[in-house]
Amino acid sequence: MAIIETEATLHEAHRDNHTHRDVNGGWLRPAVFGAMDGLVSNLALMTGVAGGAVSHQTIVLSGLAGLAAGAFSMAAGEYTSVASQRELVEAELDVERRELRKHPKDEEAELAALYASRGVEPGLAREVARQLSRDPEQALEIHAREELGIDPGDLPSPAVAAVSSFGSFALGALLPVLPYLLGASSLWPAVLVALLGLFLCGAVVAKVTARSWWYSGLRQLALGGAAAGVTYALGSLFGTAVG
């Protein structure tokens, strides 16, 4: 009994500790990076315009225009990209579906050979392939996973991708504009809020990486700050030249 309890304890310990982070990022990665993109691009746009010594109304208008243009561009690009990817996958699934219908034995042998190549005993590999091939939809799913590396039941949605990209970019791009909308009349409050947002986004990104939250946050703050500084300098240079 002691041995059984020990084995059960070890099994429970393994089960509780043998967990992994979402290496694909799930929803967190695209949402955070979308917000970060909006933050950096709109902060850089606004600092570039501010460098030209324009009125704060012009800076606000530039920020709002950058928010709208960037969010719609992200949504349209993400929709087109995901829709094209999904259409390509569906076309390949149709090819595999036709092959399973026309040449079921060849596809079954192909699956058995695949399992055998991974170390399964040949006779067992053939039997496993035979049993799995009895259901056409199950066979399609297995072939898609093994040959194409995709899950037919978990294809990305273009609409969801577009809406999430629009929302996350708009949220990030709103941060540099927000101080102006709340009554600020200078650039510095907008810069401080944006840099704080960049640090927080970088810290959140650490959840899907192996870096510490402070390192990831400071790195993103430095990159965003550098982008804002360069565009401000360019705005000052161009503003002087045009003036």
Side-chain angles (χ1 to χ4, degrees), residues 7-8 10-38 70-171 204-210:
E7 290 178 348
L10 289 173
H11 174 72
E12 290 173 3
H14 178 268
R15 179 195 62 198
D16 294 338
N17 294 317
H18 193 70
T19 57
H20 298 283
R21 287 172 295 180
D22 182 4
V23 296
N24 292 320
W27 62 269
L28 178 63
R29 185 179 184 279
V32 171
F33 278 94
M36 199 177 295
D37 191 13
F72 280 112
S73 176
M74 285 284 291
E78 195 70 16
Y79 184 92
T80 301
S81 174
V82 174
S84 300
Q85 179 187 5
R86 185 181 179 112
E87 289 164 2
L88 175 61
V89 169
E90 288 173 344
E92 291 300 313
L93 288 175
D94 286 339
V95 170
E96 193 64 36
R97 189 177 286 110
R98 287 195 300 270
E99 289 300 311
L100 285 167
R101 187 173 59 250
K102 293 179 179 178
H103 310 288
K105 292 299 182 182
D106 291 339
E107 291 294 314
E108 181 181 319
E110 185 179 282
L111 192 60
L114 177 65
Y115 289 140
S117 70
R118 294 182 177 179
V120 179
E121 191 274 324
L124 180 58
R126 288 192 295 271
E127 179 60 21
V128 170
R130 185 188 67 80
Q131 293 189 30
L132 293 176
S133 299
R134 289 183 297 193
D135 182 351
E137 286 305 311
Q138 178 177 258
L140 175 64
E141 181 177 337
I142 293 170
H143 279 274
R145 288 177 184 274
E146 298 292 349
E147 296 178 27
L148 304 176
I150 58 173
D151 182 356
D154 190 30
L155 298 182
S157 167
V160 170
V163 171
S164 61
S165 294
F166 182 96
S168 60
F169 184 96
L171 181 62
V204 172
V205 168
K207 287 184 172 292
V208 291
T209 68

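As the structure is a prediction and not an experimental result, all values here were calculated from the model. Values below: all heavy atoms of this structure, side chains included; hydrogens, waters and symmetry mates excluded.
For E108, there are no side-chain hydrogen bond (donor to acceptor under 3.5 Å, both in side chains) partners at least two apart in sequence or on another chain. By the side-chain contact (heavy atoms from CB on, under 4.5 Å) test, E107 pairs with E96, E99, L100, E110, H143, E147, sequence neighbours left out. Applying the side-chain contact (heavy atoms from CB on, under 4.5 Å) criterion to D94, with sequence neighbours excluded, gives R97, R98.
Of all heavy-atom pairs between A144 and L93, the closest is CB-CD2, 3.6 Å. Annotation for A75 and F166: closest pair CB-CB, 3.9 Å, computed over non-hydrogen atoms.
We find the CG-CE distance between L171 and M36 to be 12.0 Å, quoted to the nearest 0.5 Å. Expressed to the nearest 0.5 Å, how far CG of L132 lies from CD of Q138 amounts to 5.0 Å. The CG atom of D151 sits 7.5 Å away from atom CG of L155, with the distance rounded to the nearest 0.5 Å. The structure places CD of E137 at 11.5 Å from CD1 of I142, a figure rounded to the nearest 0.5 Å.
Applying the side-chain hydrogen bond (donor to acceptor under 3.5 Å, both in side chains) test to every pair with at least one member in residues 112-136, sequence neighbours left out, gives these pairs: R118-E146, E127-R130, E127-Q131. Within the structure, the side-chain hydrogen bond (donor to acceptor under 3.5 Å, both in side chains) test picks out no pair touching residues 156-171 (sequence neighbours left out).
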Atom pairs and distances, donor-acceptor, side-chain atoms in residues 78-85, under 3.5 Å, two or more places apart:
unit_1: T80; atom_1: OG1; unit_2: A76; atom_2: O; d: 3.0
unit_1: S84; atom_1: OG; unit_2: T80; atom_2: O; d: 2.8

